[in-house]
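The first residue of the sequence shown is numbered 1, and numbering continues consecutively from there.
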Amino acid sequence: MQGLLLDASGGNHHFLFVSFEAATLVDPACSPTIHYRIIPTSPARTRIMATYCIGIDTGGTYTDAVLLDIASGRVVDWRKERTTPHDLSLGVGQTLQGLLKQSDQVREVACLAVSTTLATNAVVEGRGARVGLFVLGHVRHFKLPVVANIFLKGGHTITGEEEQPLDIEGLVDTLPKLVREVDSYAVCGAMSIKNPAHELVAREAIRLIDPKPVFCSHLVSDNPGMLERSATACLHARLMPLMTDFLASIQRSMLATGLDCPVTIICGNGRGEALDRIADQAAITMASGPAATARFGAASGFDQALVVDVGGTTTDVCLIKNGEPLLNREGCIIGEWRTHVEAVDMYTAGAGGDSHVIVHQDGRITLGSTRVQPLAMTPDLPDPRLWLNRETDTYLVLPVDGLEPELVQSDPLLHYLALHGPTPPSVLAAQTGTGGVLLEKRLERLMFLQQVVLAGLTPTDALHCLGLLDIGQGASSQSGASVLATQLGLSAEAFCRQIVAETEAAIETILLTYLARTVWKDSPSGALLNRRDNDLFSLRFTLKLPIIGIGAAARSFLPGVARRLSTTVTFPEHCEVGNAVGTALIAMRG
């Protein structure tokens, strides 16, 4: 492959014509290798080719792309396509093909910049590779959301001396029990930042028994703090297969469209990294999407503002001060994970247009953290009146096309879905003998492997039902809302207005949680914010900052949130694809 290397130092753009080979990412245990041969380009070639920068942001729901003119920073064109989780290259390829309609434009692209919220989405939704964590040394036991936390003797002192011998026998005895349960391993030794010997020995011992990827904490963090360093290593291990697949999809999409240029991956700290560093440092893409969000917000002309990206899967919040995004050098916090990953100061939580609407037995309406496919966006959807109910079947399980026949035959759930098509969970349980928690865990695994899709009622459907959105099949949304509304003794319209109000309340809580953490640091404000309106007292908050809205669902929900918080909301031009614009701006800044 060939392309252009962009040097934006000193405010001037210089280009070198580059020839390189990129290894296809097949084995998740292997990192991509990219070899560059630099060839100076002629001034004439530079003028012809160095015209555009493409920014792409791949989220859990939509993949956005913009074509920016390098000289002026103007958005020439933009595209928004549904993300295709089972094959990310399809959604990315569609956005690229939509942008590059003329063959000569392909030759004029100087760089491709990519951001993604796939990593943050996976953490918020509890998805990712199954990780086994080995902790070495005299430390207080702690719990991380991984398959297994194993504590063994070992570790070093603050001066790098061995505190106690590594319990290699205990490690070897434990491994056979984990081989079938995990996809990757993380190893964290006490003071390995001073002496990583025990981590390295443990890594080699694991590899002799199980050839899966192993991540050592000293390679991903040089800060003290066992919990944070363990979490950082675990996140690398958890997200690496996801990022490997994503990077492979970028390469396949470029080949399919004939795009031939350098690729920059946006990291959570708002800087770009070469594609070859990302696969084995997956966690540095944590907050990649929010970093692009922050850059777009900072370019909107506000000196101080709250930038809010409402997507399909999550809502991301970050703060602009003195016209620049705040940076958290101590490490970002996402969900349960407190890490050592340098990133923009941000907060991400599961609430968006495609959150799963859950109707409880007491009549309460809440949003689940898991993203489901809206009824309106599900082709050939069986009539929700035939399967949807709030007790047993709140979603529909859909098969994914293109799976290997051998895989389908070997899995009872996939085999049934292949024969019978979309099926509610109660029927799937009855017909396959897999029910209860076992079915939930199995479906969770199949979703992670992109082998099934869940469809259910979402805030996006509520907007369709109310006539506030028209991008899918509104009749499906109306039918699904009517079913659940009837079970609550409500009209479909009243029910959908409750869903919109609940979504606005969830986003309001996300904003206040972020600001409370910023002001009060580690103070446990969550309980207060979640119970600020109860039988005994009520609290109302006024926001002193304006809101900058970004994302596909922002215009639908943020005006209501702004009214709740007695502030204003602004939607800059191209805010629907703001992350993609921010991604390109980061790359162009160098």
Short side-chain donor-acceptor distance under 3.5 Å, Thr83 and Thr63: yes
Candidate pair Asp64 and Lys80, rule salt bridge (Lys or Arg N to Asp or Glu O under 4.0 Å), full reasoning: CA-CA 4 Å; Asp64 302 335; Lys80 179 182 286 287; 3.0 Å; yes
Student check: side-chain heavy atoms of Phe557 and Leu463 closer than 4.5 Å: yes
Within-4.5 Å side-chain heavy-atom neighbours: Leu439 and Pro425: yes
Polar side chain donor-acceptor pair, Asp316 to Thr293, under 3.5 angstrom: no
N/O donor-acceptor pair under 3.5 Å between Thr116 side chain and Thr58 backbone: yes
Which atom of Ala506 lies closest to which atom of Ala351, heavy atoms considered: CB-CB, 4.1 Å
Pro422 to Pro382 - nearest heavy-atom pair and separation: CB-CG, 4.1 Å
Backbone of Leu386 reached by a side-chain donor or acceptor of Asp383 within 3.5 Å: no
Student check: side-chain heavy atoms of Val92 and Ile56 closer than 4.5 Å: yes
Listed once per pair and sorted, the side-chain hydrogen bond (donor to acceptor under 3.5 Å, both in side chains) pairs that draw on residues 457-469, sequence neighbours left out: Asp354-Thr460, Thr458-Asp461, Asp461-Ser477
Gap separating the OG atom of Ser476 from the CG atom of Leu381, nearest 0.5 angstrom: 5.0 Å
Atom pair CD1 (Ile70) and SG (Cys53), whose distance is rounded to the nearest 0.5 Å: 6.0 Å
From CA spacing to verdict: side-chain contact (heavy atoms from CB on, under 4.5 Å), Thr315, Asp309: CA-CA 6 Å; Thr315 291; Asp309 176 13; over 6 Å; no
Residue pair Thr542 / Arg540, side-chain donor-acceptor N/O under 3.5 Å: no
Glu324 with Arg295: basic N within carboxylate O range, under 4.0 Å: yes
Thr567 side chain vs Arg563 backbone, donor-acceptor pair below 3.5 Å: no
Closest approach of Leu428 to Val397 (non-hydrogen atoms, all atoms of both residues): CD2-CG2, 4.2 Å
Student check: side-chain heavy atoms of Val317 and Met346 closer than 4.5 Å: no
For Leu326, all residues meeting side chain to side chain contact (heavy atoms under 4.5 Å, CB included), sequence neighbours excluded: Leu319, Lys321, Asp345
Closest heavy-atom pair and its distance - Ala481, Phe495: O-CD2, 3.5 Å
Ser249: partners by side chain to side chain contact (heavy atoms under 4.5 Å, CB included), with sequence neighbours left out: Leu88, Ser89, Phe246, Arg252
Atom pair CD1 (Ile265) and OG (Ser288), whose distance is rounded to the nearest 0.5 Å: 7.5 Å
Polar contact flag, side-chain donor to acceptor under 3.5 angstrom, Asp393-Ser426: yes
Electrostatic pair Glu504-Arg564, nearest N-O below 4.0 angstrom: yes
Side chains of Arg445 and Leu443 in contact at under 4.5 Å (non-hydrogen atoms): no
Close side-chain approach of Asn269 to Val344, heavy-atom, < 4.5 Å: no
Considering all heavy atoms, the nearest Glu502-Leu367 contact: CG-CG, 4.4 Å
Residues that Arg442 engages under salt bridge (Lys or Arg N to Asp or Glu O under 4.0 Å), provided they are two or more places apart: Asp411
Evaluation steps, side chain to side chain donor-acceptor pair (under 3.5 Å), between Thr95 and Glu81: CA-CA 6 Å; Thr95 59; Glu81 300 285 349; over 6 Å; no
Sub-4.5 Å side-chain heavy-atom contact between Val453 and Met447: no
Ala376 backbone acceptor or donor facing Thr378 side chain under 3.5 Å: no
Arg385 atom CZ, over 12 foreign heavy atoms within 6.0 Å: no
Arg555 bridged to Glu576 by N-O distance under 4.0 Å: yes
Shortest non-hydrogen separation from Thr394 to Trp387 and the atoms involved: C-CZ3, 4.5 Å
For Asp470, all residues meeting salt bridge (Lys or Arg N to Asp or Glu O under 4.0 Å), sequence neighbours excluded: none
Close side-chain approach of Arg74 to Leu68, heavy-atom, < 4.5 Å: no
Separation of Tyr395 OH from Leu375 CG (nearest 0.5 Å): 14.5 Å
Option from Leu511, Ile510, Leu515, Thr509 for which side-chain contact (heavy atoms from CB on, under 4.5 Å) with Thr513 holds: Thr509
Ser115 side chain to Asn579 side chain, donor-acceptor N/O pair below 3.5 angstrom: no
Side chain Gln373, main chain Gly456, donor-acceptor under 3.5 Å: no
Value rounded to 0.5 Å, distance of CG in Leu388 from CG in Leu396: 9.0 Å
Pairs satisfying ring-ring contact (aromatic ring centres under 6.0 Å, His included), at least one member in residues 413-432, at least two apart: Tyr416-His420
Glu573 atom CD: more than 12 heavy-atom contacts under 6.0 Å: no
